[in-house]
Number of protein chains: 2
Amino acid sequence: MTDSVLNSELSSQATKAHAYGKVDRDNLHDDLLSRLRDFIVEGHLLPGGRIPERHLCEAFHVSRTPLREALKVLAAEGLVELLPNRGSRVRQFTDKDIKDCFEVLAGLESAAGRLACARITDDEVAEIEQLHYDMYGHYMRRELPEYFRLNQAIHEKLVAASGNDALQATYRTFTARMRQLRYSANVLASDRWGQAMREHEKMVDALRRRSGEELATILFEHLLNKWRAAADSLEREDAQGS
Amino acid sequence: MTDSVLNSELSSQATKAHAYGKVDRDNLHDDLLSRLRDFIVEGHLLPGGRIPERHLCEAFHVSRTPLREALKVLAAEGLVELLPNRGSRVRQFTDKDIKDCFEVLAGLESAAGRLACARITDDEVAEIEQLHYDMYGHYMRRELPEYFRLNQAIHEKLVAASGNDALQATYRTFTARMRQLRYSANVLASDRWGQAMREHEKMVDALRRRSGEELATILFEHLLNKWRAAADSLEREDAQGS
DNA sequence: CTCGGTTAAAATGAATGCAAACCTGCGGTT
DNA sequence: AACCGCAGGTTTGCATTCATTTTAACCGAG
């Protein structure tokens, strides 16, 4: 029965994939790779479910060779599992995996904060402050989606402000992993919202004073708290579900 | 002329590759991947030089399909560059790339230190202390290679002590990038040796007291100092070379 | 009816084939 | 002499094909 879900998902994507239009022969790999990654990250494939290559080929209108190349890359990125002779499946993250992922993000953001403090310009700080105030407005008005969008924007801007491409790229692969879990959106519905807001206040303050060490610690704890909230809400859901 | 160098390197590898022995059909991909990665990391291919697929196929006794899959993965790992329709080459790191890489390592180790402080057992601390004292011995006797080996072992143990697989895996891909540059070995020949030793003292002390925040800062700075030393010695070499 | 073994269909892993893109060397033009 | 174009071989990107493994369907024995 999972198959039927999978198939319908796949066929619905077939038209969508077609809508993207034919791509240049040259860039097929990169294009296919990002399309497939998005497809997985957006949760169109059931984690743990088997994915026959042939179906994906039809869905994306490519032959198996480039598709398999893309799958190998996605496996290296940790989004997909490849079982020898038994095909590929969307990786199913354990609780431990999720915790690990949050910790890595904590480490990366923490480092980004330190580096940003050393490099960031006043203008860039002002930009982040602006985002922060806007976000505060959404917080007061209890506009969760907008709040969430700005929250993400702030974190991304901070990472970008580190001026480190490798860090940013690594950060992205881990946020991609997280997005695959529907957590992020739900987490802040809890009573953690206020706490998160206070942590953000401190972040901006530390950044304003260019206190790298302080910012690093705040960010690290902030991310770990995010995980704790995620873990809690996950537990609640599971309790409800079963 | 680069071609001739490349070719001789490749043919010499052919025998070496053969020495590994035939592998199981199933694991060809993983096996080829790590062999190719090692081959590149060990510097057997000239950075920036073109690598015809055919040559690599002959060297590793595989057809182009699995080889290309491996190259795509290595490209995703950042070890190889793929130019559309123009083949693959070993990635040539700019000074900025190297700096970025050290900073990411700093972030990761720093996070590992924080996490380790929260989790590490007394026995594990004792192990690291033992390694540290051994290393100190080599330092006193000016035995650079042994010192270097233990230094690496300590850092790896610390990362392992974080208990975070994703962090450890990411750490490895970045150390692989670094190993591709011959820096690491040369760096400590400079007068930084003493400083590095003092930093390690502080690290072990912070770890013993389970002071995560302190350890995080020490590690971060330690790694950045490593980079500064590397950059300096690089400059010196360049000055000599030209 | 269930379980185990057998066999056919399907899926995977790798090799081969083919068209398009790229490099190379040569001749013609300015 | 330097530059441009352009045929030839070479290399790449993708599709197709082949061999092996896995999966399922089936059938008979208990």
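Numbers restart at 1 for each chain; the letters A, B, ... are given by sequence-line order, proteins then strands. These numbers come from a predicted model, not from an experiment. All heavy atoms count here, side chains included; hydrogens, waters and symmetry mates do not.
- The side-chain tip of A/Arg35 does not point at the ring of A/Phe60 from less than 6.0 angstrom away and within 45° of straight on.
- If you measure from atom CG of A/Leu67 to atom C1' of C/dT12, you get 12 Å, rounded to the nearest angstrom.
- Ranking C/dC22, C/dG13, D/dA15 by closeness to the B/Arg86 side chain, first place goes to C/dC22.
- The interatomic distance linking B/His55 (NE2) with D/dT10 (P) rounds to 11 Å, in whole Å.
- C/dA11 atom P lies 14 Å from atom CZ of A/Arg89, rounded to whole Å.
- The CZ atom of B/Arg114 sits 10.0 Å away from atom CG of B/Leu219, with the distance rounded to the nearest 0.5 Å.
- Minimum atom distance to the side chain of B/Arg64 is reached by D/dG13, of the listed D/dG13, D/dA15, C/dG13.
- Atom-to-atom, NE2 of A/His61 to P of D/dC14 comes out at 16 Å; the value is rounded to the nearest Å.
- For B/Lys72 and B/Arg54, each mapped to the nucleotide of DNA chain D holding its nearest heavy atom, the one lying further toward the 5' end belongs to B/Arg54.
- Rounded to an integer number of Å, the gap from A/Arg68 CZ to D/dT16 C1' is 14 Å.
- When the P atom of C/dA15 is taken as reference, atom CD of B/Glu53 falls 13 Å away, rounded to whole Å.
- A cation-pi arrangement is not found for A/Arg177 relative to A/Phe93, the charged atom failing to lie both closer than 6.0 Å to the ring centre and inside a 45° cone about the ring normal.
- Here C/dA15 presents its C1' atom at 15 Å from CD of B/Glu58, a figure rounded to the nearest Å.
- We find that CG of B/Asn85 is positioned 13 Å from C1' of D/dT10, with the value rounded to whole Å.
- Using a 4.5 Å heavy-atom cutoff, the side chains of B/His222 and B/His155 are in contact.
- Under 3.5 Å, the side chain of A/Thr65 and the base of D/dA15 form at least one donor-acceptor pair of N or O atoms.
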